[in-house]
Amino acid sequence: QFCVLSEDGAFYELMYTSDQFGVDSYLNPLTPAEAIQVYGYEVMFMLYRAMRDYLKGQEDLVAALEMTMAFVFPQEK
């Protein structure tokens with residue numbers, strides 16, 4: 001089983017089995033607290049590094065997304 005992060009930011013435990021006839025898989029939803037409890041803080045570091053590596057060279061995209069999120073969800077000051 002593996003801890004994975006979906007495209008919408010949800011944690012899942014990906015479980016699979018295989019035998020000579022086929023492969024079966026199941027996504028078990030996890031809360032962030034459950035992910036840390038089961039997999040430890042290392043899972044947060046690994047996911048951060050994966051996102052950082054995936055978005056390397058995409059600084060303009062990240063900045064545009066930040067501006068969009070700030071507009072859609074304004075913070076009260």
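Keep in mind it's a predicted model, so treat the numbers as computed, not measured. Note that these values count all heavy atoms, side chains included, but never hydrogens, waters or copies made by symmetry.
Residues satisfying the side-chain contact (heavy atoms from CB on, under 4.5 Å) test with T68, not counting sequence neighbours, are V72. Take A10 and apply the side-chain contact (heavy atoms from CB on, under 4.5 Å) test, not counting sequence neighbours, and it matches S6, D8, Y12.
Put simply, the side chain of D19 gets close to the backbone of G22: a donor and an acceptor are under 3.5 Å apart.
Side-chain contact check for F11 versus L5: some heavy-atom pair is nearer than 4.5 Å.
Nearest heavy-atom pair across A35 and V43 is O-CG1, 4.0 Å.
Side-chain polar atoms of Y39 and E13 form a donor-acceptor pair below 3.5 angstrom.
Atom CG of L14 and atom CG of L27 lie 5.5 Å apart (nearest 0.5 Å). Taking SG from C3 and CG from L30, the interatomic distance works out to 6.0 Å, rounded to the nearest 0.5 Å. Separation of atoms CD1 (I36) and CD (E42) is listed at 10.5 Å; rounding is to 0.5 Å.
Within 6.0 Å of the CG atom in D53, the count of heavy atoms belonging to other residues, nucleotides or ligands exceeds 12.
Cluster annotation: V38 is connected to Y41 through the hydrophobic network of ILVMFWY side chains, with a link wherever side-chain heavy atoms come within less than 4.5 Å.
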